[in-house]
Amino acid sequence: MKKNFSTFVMGQFFFRIIKDDTDALCRKKILEEYERILDNAKDIGRHNTLLSAYALGAWFIAMNREDGLSPDENIEILTRRLKASRVFSMVMGDADHYLSEKRIEKQKKWAENTQKRIYENDWVVELLPKNNEYDLGYDYLECGVCKLFNDEGCPNLAKYICRLDYMFAETMGLRLERTLTLAEGADKCDFRFFRLK
């Protein structure tokens, strides 16, 4: 995948947020491994809605290869540090933004575009609009992060990244319910979002 400004900025962001949990040399090795992983990764499109998830997946793989900690310890570090980051909260936005008509229209187009399967490692998604049961739903039929983990020979790590989805939802003032994940062998990930009352 071609390096771009976004993946560079994300790498620098991840590098900084774990500074209290790893020494400088280890962080440098993680950053180098992150860049190597993305250099070798299959393209998902420069303006992909989930580029940040792909980059986070690459960072998590790099952490597990370089810092000597367990996947549980590494996901706990990322969860704690992302939760504490004001920049992360600003970028994530809130429930009003996430559930706005304008954003959902863009997401609908994005989901339809994923059905074309233009990029091998892209997600394939169905958007499920608000109904009596939930405020917004997605069925992820293919997951770019799972594909990246498979390509890197560590599919067992994908399930750890899935844990972050609950924290992402909570950061925006949403509750996520999910009963299935591709990372654990299901045929889809069934994301259902609800506004926190």
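- In this structure, the side chains of Y119 and M1 stay at 4.5 Å or more apart for every pair of heavy atoms.
- Taking the side chain as every heavy atom from C-beta outward, L56 and V145 never approach each other to under 4.5 Å.
- One finds the OG1 atom of T181 at 9.5 Å from the CG atom of D165 (value rounded to the nearest 0.5 Å).
- Looking at S100, its side chain does come within 3.5 Å of a backbone N or O of H97 through a donor-acceptor pair.
- Here the closest heavy-atom approach between residue L148 and residue G57 is recorded as CD2-C, 4.1 Å.
- Shortest non-hydrogen contact noted between R195 and A95 is NH1-CB, 3.7 Å.
- Comment: E152 engages R65 in a salt bridge, judged by a side-chain N to carboxylate O separation of less than 4.0 angstrom.
- Shown here for L136 and I104, the closest heavy-atom pair between the two residues is CD1-CD1, 4.3 Å.
- Note: Y140 and F191 have tilted aromatic rings, judged against thresholds of 30 and 60 degrees for the angle between ring planes.
- Proximity of W59 to L78: side-chain heavy atoms (C-beta onward) are separated by under 4.5 Å at one or more points.
- At a threshold of 4.5 Å between side-chain heavy atoms, the hydrophobic network of Ile, Leu, Val, Met, Phe, Trp and Tyr places L69 and M63 in one connected group.
- Closest approach of S89 to T171, counting heavy atoms only: OG-CG2, 3.9 Å.
- Placement of F88 and V9 in two distinct hydrophobic clusters is found when ILVMFWY residues are connected by side-chain heavy-atom separations under 4.5 Å, directly or transitively.
- Across all their heavy atoms, D122 and K147 have their closest contact at O-NZ, 2.7 Å.
- Linking Ile, Leu, Val, Met, Phe, Trp and Tyr residues whenever their side-chain heavy atoms come within less than 4.5 Å places I18 and M167 in a single cluster.
- Using a 30° and 60° split on the angle between ring planes, F193 and Y138 fall in the perpendicular class, above 60°.
- Under the 4.5 Å side-chain heavy-atom criterion for grouping Ile, Leu, Val, Met, Phe, Trp and Tyr, V91 is connected to M10 within one hydrophobic cluster.
- Between N74 and the options N64, T22, T79, a side chain to side chain donor-acceptor pair (under 3.5 Å) holds for only N64.
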Carefully, step by step, assess L51 and N4 under the rule side chain to side chain contact (heavy atoms under 4.5 Å, CB included). CA-CA 11 Å; L51 178 60; N4 62 44; 4.1 Å; yes

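- Remark: side-chain polar atoms of Q115 are not paired, donor with acceptor, to backbone N or O of V124 under 3.5 angstrom.
- Using a 4.0 Å cut-off between a side-chain N of Lys or Arg and a carboxylate O of Asp or Glu, R178 and D139 do not qualify as a salt bridge.
- Two different hydrophobic clusters hold L180 and Y160 under the rule that ILVMFWY side chains link at heavy-atom gaps under 4.5 Å.
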Could you check L164 against C162 for side chain to side chain contact (heavy atoms under 4.5 Å, CB included), going step by step and ending with a plain yes or no? CA-CA 5 Å; L164 291 174; C162 297; over 6 Å; no

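- Taking the six-membered ring where the residue is Trp, the centroids of Y34 and F15 are separated by 6.0 Å or more.
- Going from atom CD of E184 over to atom SG of C146 covers 9.5 Å, rounded to the nearest 0.5 Å.
- Two rings, from F60 and F14, have their centers 6.0 Å or more apart.
- Taking a cutoff of 4.0 Å between a charged side-chain nitrogen and a carboxylate oxygen, R36 and E32 do not qualify as a salt bridge.
- Annotation: side chain of R117 is in contact with side chain of E142 (closest heavy-atom distance under 4.5 Å).
- Each of N121, D43, N48, T7 was evaluated against Y54; a single residue qualifies, N121, per the side chain to side chain donor-acceptor pair (under 3.5 Å) test.
- In this structure, the side chains of T49 and Q107 come closer than 4.5 Å at one or more pairs of heavy atoms.
- Closest non-hydrogen pair, D135 versus K130, comes out as O-CB, 3.2 Å.
- In this structure, OG1 in T114 is found 9.0 Å from CD in E112, a value given to the nearest 0.5 Å.
- Atom CG of residue D72 and atom CD1 of residue I77 lie 11.0 Å apart, to the nearest 0.5 angstrom.
- Distance check: M92 CE to F168 CZ gives 6.0 Å after rounding to the nearest 0.5 Å.
- Classified by interplanar angle (parallel below 30°, tilted 30° to 60°, perpendicular above 60°), the ring pair Y134/F194 is perpendicular.
- Using a 4.5 Å cut-off on side-chain heavy atoms (C-beta onward), R80 and E76 make contact.
- The residue from K108, R103, K102 that alone fulfils the salt bridge (Lys or Arg N to Asp or Glu O under 4.0 Å) condition with E105 is K108.
- When side chains are defined from C-beta on, D67 does not count as touching D21, because their heavy atoms never get closer than 4.5 Å.
- Distance check: K29 NZ to L31 CG gives 13.5 Å after rounding to the nearest 0.5 Å.
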